[in-house]
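What you see is a predicted model; the values in this text were computed from it and never measured.
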Amino acid sequence: MHLQPHLTRPGQTGRGRIGRYETASHQISRRGLLKAAGTAAGAVGVAAALPAAPAAAVGYAHPGLLHTGADLARMAAKVKAGAAPYTAGYARLTANRHAQSGWTANPQATVYRGSGSPQNYTILYNDLHAAYQNGLRFHVSGESAYADTAVAILNAWSAKLTSLAGSADRFLAAGLYGYQAANAAELVRDHAGFELERFRKMLTTVFSPLSERFLVGHNGAVITNYWPNWDLTAMACVLATGIFCDDGARVEQAVEYFKSGSGLGAVRKAIPVVHDDGLAEWLEAGRDQGHALLGVGLMGTFCEMAWNQGIDLYGYDDNRFLKGAQYVAKWSLGGDVAYTANTRAKGAVGGWSGSETASGAAGVDPAMTRPIWAMIANHYTKRRGLSASYLTRIAAQAGPEGGGGDYGPNSGGYDQLGFGTLAFTRDRSTTSAGGSSTGPSPSVSSSLSPSPSGAAASDAAASGGSAAPSAPAAPTGTEAAAAKSGGLASTGSTDLVAWTAATGLTALAGGLLLLRRRGRPRDDAEGRAAGEAQ
């Protein structure tokens, strides 16, 4: 059985070898797979969405997604004082065409992403970035016209959008634009005229159900079929929705998936190997640079949103994310990194199947960048006081970071909200907010009712601000059927930016993730992770 045509790279046949990349088409026994993904219902409209779990009403800190009240107050104060590099970061914001108060929304009832549909998702992500950028500009400048614009954009969409549709890429749309919508709305949730309850309804009936479904059923695919980015987009959407809507069940679902989920977005599967030099392999380093950068940015976004609610995932599993981010930073700067050859299974449960193997990290373009590094570098070096030389170097090279519209016209340039130089540059903290950097993270249950002594309050003390809002603010068909008919995507959206470096695909041997440390036995944590993969 040949692989589906849309799985091949440009210039690559369905069978053969190009460079380090090799493909084998064959039938795979279900017994040889990781936990088989379910064939959850795949209808894309609201009416076909799975019933959401009853919300556990809890009180989260607001604003409290990517930015706390202390963060927003710090940005405003630093820009007002003319402090570098905040002023350079703010200049990038004000120069962006999306950050202008004259922006007018163009809401759609149904948003399509993926082949075989009248794609219009570019309208959604442009409007969401305009809402976010206007909201951020309002908090720094104090000019209500920007908040009014953000509110108008978000209200227009919550009044009209009812469904997300298209190919498998609709799951990417739900994840990416769901977490971005929540972050944009968090900036103006208390502003006059904002339709808060209607926006909550849109998040919980249009965006989050698709992301929740993907984490459970993976579009009818074998569990290793989808790269970590697919899980990470869904995780970010569910977490952001949970926090925005004060829904503890969704927050717990997302956090537990990060720690021990069955798919490749779980931290020990996205970052499967820790080397003796302290760096940890990023699973998609064998795929291409662009998607590896996307994954680092998404995991950083996830960890930051959790941190602002007192949940330390940055430090989880002995700072595993730090080690993975350092690896990608070194590699993206042109440095040599170790790589463990591996193979992964792919395909649909009960349908077509195959495997892919990679034996080395892909090539890189040191000039390629995404606005992801300032947030991560500042957390580890300023909040935690840890050494992160590669993160520091690449953050300096990437700054001042822009946002959507500054990194090309395609969807890949809008995957991150950006503006990290303005938003995440911080003074060194003398506190240890969010939990120990090396110890276990606070339990999800203990984080459901954050206390004033949590991350937001500690950041406020470190920056000389308060945890209050910033000063300027005035307050179908089934997935299995889709898979068998060619609707299953195994390598990611073909609409992402055509990254220049693409040599080889990271994989999982025989459908099982091989976790090992070079030169020494696995530790207990890795042994447990390997056991979970069987």
Side-chain angles (χ1 to χ4, degrees), residues 6 42-46 48-49 96-98 103-133 153-185 199 202-203 205-214 219 226-227 229-238 240-241 290-291 294 297-298 301 370 403-418 476 482 487-489 491-499:
H6 68 278
V44 298
V46 173
N96 194 299
R97 71 184 183 89
H98 296 78
W103 189 279
T104 301
N106 182 19
Q108 308 291 307
T110 300
V111 166
Y112 299 90
R113 175 167 176 166
S115 59
S117 61
Q119 294 192 87
N120 60 353
Y121 69 100
T122 61
I123 298 172
L124 175 59
Y125 69 64
N126 274 282
D127 276 359
L128 290 178
H129 280 258
Y132 172 77
Q133 292 179 27
I153 295 169
L154 299 171
N155 282 349
W157 278 94
S158 68
K160 189 166 185 178
L161 182 65
T162 59
S163 63
L164 302 174
S167 68
D169 283 7
R170 68 191 183 279
F171 294 108
L172 294 177
L176 289 168
Y177 312 138
Y179 96 76
Q180 291 174 3
N183 271 276
F199 201 85
M202 181 179 72
L203 289 176
T205 61
V206 178
F207 290 98
S208 190
L210 274 175
S211 291
E212 294 164 49
R213 183 180 303 142
F214 184 83
N219 195 29
Y226 286 96
W227 293 100
N229 291 321
W230 290 76
D231 273 356
L232 287 166
T233 62
M235 292 157 60
C237 175
V238 175
T241 299
H291 287 95
L294 170 60
L298 288 169
T301 293
R370 281 178 179 245
D406 292 324
Y407 297 88
N410 298 321
S411 61
Y414 292 82
D415 288 341
Q416 281 82 32
L417 291 169
T476 66
L488 182 68
T491 61
S493 171
T494 55
D495 188 67
L496 292 175
V497 172
W499 303 107

Heavy-atom side-chain contact between Ser208 and Leu203 under 4.5 Å: no

Would you give the length of the straight line joining atom CG of Asp169 to atom CH2 of Trp230, rounded to the nearest 0.5 angstrom? 4.5 Å

Please assess Leu128 against Trp157 for the test side-chain contact (heavy atoms from CB on, under 4.5 Å), listing each intermediate value before the final yes or no. CA-CA 9 Å; Leu128 290 178; Trp157 278 94; 5.5 Å; no

For the residue pair Phe214 and Phe171, does the interplanar ring angle fall in the parallel (under 30°), tilted (30 to 60°) or perpendicular (over 60°) class? tilted

Drop me the distance from Asp127's CG to Leu161's CG, to the nearest 0.5 angstrom. 11.0 Å

Are the side chains of Ile153 and Thr104 in contact, using a 4.5 Å heavy-atom criterion? no

Please report the closest heavy-atom contact between Ser115 and Ser167, naming both atoms and the distance. N-OG, 3.7 Å

With distance as the sole test, does Thr162 use its side chain to make a donor-acceptor pair with the main-chain N or O of Ala109 at under 3.5 Å? yes

Determine whether a donor-acceptor pair (N or O, by modelled atom type, separation under 3.5 Å) exists between the side chain of Asn96 and the backbone of His98. yes

CG-CD1 distance between Asn106 and Ile123, expressed to the nearest 0.5 angstrom: 4.5 Å

Gln180 vs Leu124 side-chain heavy atoms within contact, under 4.5 Å: no

Of all the heavy-atom pairs spanning Ala185 and Phe199, show the shortest one and how long it is. CB-CE2, 3.4 Å

Please report the interatomic distance CD(Gln133) to CZ(Arg97), rounded to the nearest 0.5 Å. 9.5 Å

Between Ser158 and Asn155, which heavy-atom pair has the shortest distance, and what is it? OG-O, 3.2 Å

Give me the ring orientation class for Tyr414 and His129: parallel if the planes are under 30° apart, tilted from 30 to 60°, perpendicular past 60°. perpendicular

Quick one: OH on Tyr177 to CG on Leu164, what's the gap to the nearest 0.5 Å? 10.0 Å

Any side-chain heavy-atom pair from Leu232 and Tyr179 closer than 4.5 angstrom? no

So Val111 and Arg170, do their side chains get closer than 4.5 Å, heavy atoms only? no

Residues Gly178 and Cys237: closest non-hydrogen pair is CA-SG, 3.9 Å

Side chain proximity check, Asp415 to Tyr125, heavy atoms < 4.5 angstrom: no

If I take atom CG from residue Leu298 and atom CG from residue Leu176, how far apart are they, to the nearest 0.5 angstrom? 6.5 Å

Shortest non-hydrogen contact from Arg113 toward Ser411: NH2-OG, 3.8 Å

Shortest non-hydrogen contact from Tyr112 toward Gly166: CD2-N, 4.3 Å

